[in-house]
2 protein chains.
Amino acid sequence: MKKINVKKGTVLQRKGDINSKVYLVESGLLRSYIIDEKGKEHIYMFGPENWLVTDNCESDIPCQLYIDAIEDTTINVASKEELLKEGPDLNALLRRLNTMQNRIIMLMSSNAKKRYEHFISTYPNITQRVPLKMVASYLGITPEALSRVRNELSQQK
Amino acid sequence: MKKINVKKGTVLQRKGDINSKVYLVESGLLRSYIIDEKGKEHIYMFGPENWLVTDNCESDIPCQLYIDAIEDTTINVASKEELLKEGPDLNALLRRLNTMQNRIIMLMSSNAKKRYEHFISTYPNITQRVPLKMVASYLGITPEALSRVRNELSQQK
DNA sequence: GTCATTTCTTGATGTACATCAATGTATAGA
DNA sequence: TCTATACATTGATGTACATCAAGAAATGAC
């Protein structure tokens, strides 16, 4: 477990890297994402304070996610083997599973407006910290669509 | 850990149930799903032989998934506490995380055709065992759309 | 503080998939 | 084996969101 500081914009991991690490965010903000065959980014996860960011792949195969820093960030880095040896935090794992389950259900059953509402209730403090287009990318919609959803929501009040 | 046999159609768990269990499928086929506010089913997961089916929620809060049997099924049932005590299978947990990550990425970045192709490569033997409409529900598209995708794919050859 | 670049918004148009409806085809129960 | 019910297919139409384009606003570099 090694503590490092990275500047905004630093790429910690690229698709295809072997032996991808686990990043525990102490302060700042990371994101993990894929780039599809059209060159479009899809954000898989934001990693604010206390979040664990990693590619959930075996450590000896090429990973599929890019991970970079959206803000200047302080991280604790560990290898997966290391974490497995010292016995991982089971409750954290279960919480992670729950978060992913909710995300899948949201993606399957919600329209743009409900996805956004779900997002701001799950990550209330992140909305201000990341550009709208990244939120859109996380939700699986375009920036234009999200802009219109926001408009609609603010007019309702 | 108790072994039980259930008939096709048996509902093992309903939304709102407390203390949801973990079901390890020995033979047969389970599915877990939600019903949205329009009454539409969205299949979260299929559980064929050797799969673990459960709602990833804490055991003392109402669960959100329905779980039922698509075929006559033999299952080993355990409480979550029980499993946690005896030390869960870490590799299985990690594989589960990987599966969910792939599902999320698929839902965010793929159209109907690619979702279906991804599905048949992931679950090649399940396609024959479940009605098309359930596959569609798992993919997040309508039965009509899946029917047309299939048509298109078979004409290409 | 100025200029360049990125981000956000708004409008016009396009498209993938949903919905609705009708018909055909399996499946299951008596 | 017959009938009822669930399931699958096909066509016509609708709609949510994508794409494209242009201008406005914010952000960052020097």
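Lettering of chains follows the sequences in order, A, B, ..., and the numbering in each one begins at 1. Both backbone and side-chain heavy atoms feed into the values below; hydrogens, waters and symmetry mates do not. Since this is a predicted model, take the numbers as computed values, not measurements.
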Engineer: Within the 4.0 Å heavy-atom criterion, would you say A:Lys40 contacts the bases, only the backbone, or no part of the nucleic acid?
Structural biologist: sugar-phosphate

Engineer: Rounded off to whole Å, could you give me the CG-to-P distance for the A:Leu132 and D:dA25 pair?
Structural biologist: 16 Å

Engineer: Using a 3.5 Å distance criterion without hydrogens, assess whether the side chain of A:Asp55 forms a donor-acceptor pair with backbone atoms of A:Leu65.
Structural biologist: yes

Engineer: Please lay out, stage by stage, how B:Lys80 and B:Ser20 fare under the test side-chain contact (heavy atoms from CB on, under 4.5 Å).
Structural biologist: CA-CA 8 Å; B:Lys80 290 176 182 171; B:Ser20 73; 3.1 Å; yes

Engineer: Separation of A:Lys113 atom NZ from D:dT15 atom C1', in whole Å?
Structural biologist: 15 Å

Engineer: Figure out the CG/P separation between B:Leu146 and D:dT10, and round it to whole Å.
Structural biologist: 13 Å

Engineer: Could you tell me the separation between the CD atom of A:Glu152 and the P atom of D:dA16, rounded to a whole number of Å?
Structural biologist: 10 Å

Engineer: What's the CZ-P distance between A:Arg150 and D:dC17, to the nearest Å?
Structural biologist: 16 Å

Engineer: Which part of the nucleic acid does B:Gly9 contact within heavy-atom distance under 4.0 Å: base, sugar-phosphate only, or nothing?
Structural biologist: nothing

Engineer: Expressed as a whole number of angstroms, how long is the span from B:Glu71:CD to C:dT27:P?
Structural biologist: 14 Å

Engineer: Check whether A:Thr74 reaches the backbone of A:Asn5 with its side chain - one donor and one acceptor, N or O, closer than 3.5 Å.
Structural biologist: no

Engineer: Would you confirm whether A:Gln101, through its side chain, and B:Asn56, through its main-chain N or O, come within 3.5 Å as a donor-acceptor pair?
Structural biologist: yes

Engineer: Could you check whether B:Pro131 gets within reach of a base, just the sugar-phosphate, or nothing at all, counting any heavy atom under 4.0 Å?
Structural biologist: sugar-phosphate

Engineer: Rounded to the nearest Å, what distance is computed from the CD1 atom of residue A:Ile70 to the P atom of nucleotide C:dT6?
Structural biologist: 17 Å

Engineer: Nearest to the side chain of B:Lys8, which nucleotide is it out of D:dG28, C:dA28, D:dT9?
Structural biologist: C:dA28

Engineer: With the side chain of B:Ala145 defined as its heavy atoms from C-beta on, choose the nearest nucleotide among C:dC17, D:dT9, D:dC17.
Structural biologist: C:dC17

Engineer: Does A:Thr142 put a side-chain nitrogen or oxygen below 4.0 Å from OP1 or OP2 of D:dA18?
Structural biologist: yes

Engineer: Please enumerate all protein N or O atoms sitting under 3.5 Å from an N or O of nucleotides 20-26 of chain C, with distances to 0.1 Å.
Structural biologist:
{"unit_1": "C:dC20", "atom_1": "N4", "unit_2": "B:Glu144", "atom_2": "OE2", "d": "3.2"}

Engineer: Closer than 4.0 Å, any side-chain N/O of B:Asn151 to the OP1 or OP2 of D:dT10?
Structural biologist: yes

Engineer: Distance check needed: D:dA16 C1' versus A:Leu107 CG, whole Å only.
Structural biologist: 16 Å

Engineer: Given the rule in the side-chain contact (heavy atoms from CB on, under 4.5 Å) test, do B:Tyr138 and B:Arg103 qualify, once you have shown the distances and angles that lead to the verdict?
Structural biologist: CA-CA 10 Å; B:Tyr138 176 88; B:Arg103 181 96 182 277; 3.4 Å; yes

Engineer: So, B:Arg115 side chain and B:Leu107 main chain: donor-acceptor pair closer than 3.5 Å or not?
Structural biologist: yes

Engineer: State plainly whether the residues B:Lys7 and B:Asp72 are in salt-bridge range, i.e. N to O under 4.0 Å.
Structural biologist: yes

